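Treat the numbers as computed from the prediction; the structure is a model and nothing was measured. Throughout, a chain's letter reflects where its sequence line sits, starting with A, and its residues are numbered from 1.
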Amino acid sequence: AQTVTQSQPEMSVQEAETVTLSCTYDTSESNYYLFWYKQPPSRQMILVIRQEAYKQQNATENRFSVNFQKAAKSFSLKISDSQLGDTAMYFCAFLPPTSGTYKYIFGTGTRLKVLA
Amino acid sequence: GAVVSQHPSRVICKSGTSVKIECRSLDFQATTMFWYRQFPKKSLMLMATSNEGSKATYEQGVEKDKFLINHASLTLSTLTVTSAHPEDSSFYICSARGLREGSYNEQFFGPGTRLTVL
């Protein structure tokens with residue numbers, strides 16, 4: 001079975017500092033998609049960043065970047081220059097399109113608190 | 001672009017009544033919509049997948065007679081919680097998979113509906 005593991009239930013970081021959230025997954029697929037979603041207190045799921053497995057280059061979106069290690073099945077999220085508005089739950093999600101269902105497999109989440 | 005709305009955002013109902021939650025894709029057509037349930041401080045739990053014009057596919061353990069899903073058009077899916085009980089109180093989130101080029105594999109999420117059953 002395909003699984004996604006987020007081993008850090010909670011993390012905190014000082015404002016302006018850098019923090020890395022970990023995500024590992026287990027699959028035998030060679031082509032898939034990985035996502036990081038942010039869920040702030042409003043509970044609206046917001047896409048932070050997306051990575052396609054066949055692309056070796058790590059995705060970057062402004063202050064957010066990933067370290068995608070396909071062989072190690074690792075997909076960590078780095079947040080640079082942390083801001084108070086980054087305080088949220090962060091979910092890692094895995095999508096194997098070959099399944100035909102397009103269902104996400106979510107990790108259990110990491111609660112990030114940015115401290116002033 | 002790729003906006004998904006849910007209505008209502010909050011609903012309180014009495015035990016035994018039915019509640020309908022609507023999920024709409026506002027600016028794109030969605031072949032597939034997903035319904036999730038989320039408990040406090042927990043991850044999203046997929047309840048069912050709905051495809052336009054066909055019956056929904058429910059995840060194991062989800063009562064299809066209690067959680068009725070209808071996907072009548074490419075922009076609207078509804079979740080009806082029938083004979084609701086306090087244990088059905090939860091946060092329900094829908095998402096839609098778009099037909100737009102480049103978005104085939106991404107889900108766009110609605111803002112969620114908080115259901116409280118008294």
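The heavy-atom pair separating A/G107 from B/S43 by the smallest distance is O-OG, 2.8 Å. Closest approach of B/E106 and A/L47 over heavy atoms only: OE2-CD2, 3.0 Å.
With values rounded to the nearest 0.5 angstrom, B/F109 atom CZ is found 9.0 Å from A/Q39 atom CD. Rounded to the nearest 0.5 angstrom, A/T108 OG1 and B/L44 CG are separated by 12.0 Å.
Neither the backbone nor the side chain of A/Q6 comes within less than 4.5 Å of any heavy atom of chain B. Of the atoms belonging to B/Q6, not a single heavy atom falls under 4.5 Å from chain A.
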Using the side chain to side chain contact (heavy atoms under 4.5 Å, CB included) rule, take A/K103 and B/T57 through it: C-alpha gap first, then chi angles, then the decisive distance, then the call.
-> CA-CA 11 Å; A/K103 295 191 292 188; B/T57 302; over 6 Å; no

Evaluate the criterion side chain to side chain contact (heavy atoms under 4.5 Å, CB included) for residue pair B/Q107 and A/M45; output intermediate values, then yes/no.
-> CA-CA 10 Å; B/Q107 293 180 27; A/M45 294 285 283; over 6 Å; no

Between A/M89 and B/K41, is a side chain to side chain contact (heavy atoms under 4.5 Å, CB included) present by the stated rule, with each step listed?
-> CA-CA 8 Å; A/M89 278 288 286; B/K41 299 185 179 182; 6.0 Å; no

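In this structure, B/F34 has its ring center no closer than 6.0 Å to that of A/Y102.
Top candidate by heavy-atom pairs under 4.5 Å with chain B, chosen from A/F91, A/Y104, A/F35, A/Y33, is A/Y104.
Atom NE2 of B/H7 has 12 or fewer neighbouring heavy atoms from other residues, nucleotides or ligands inside a 6.0 Å radius.
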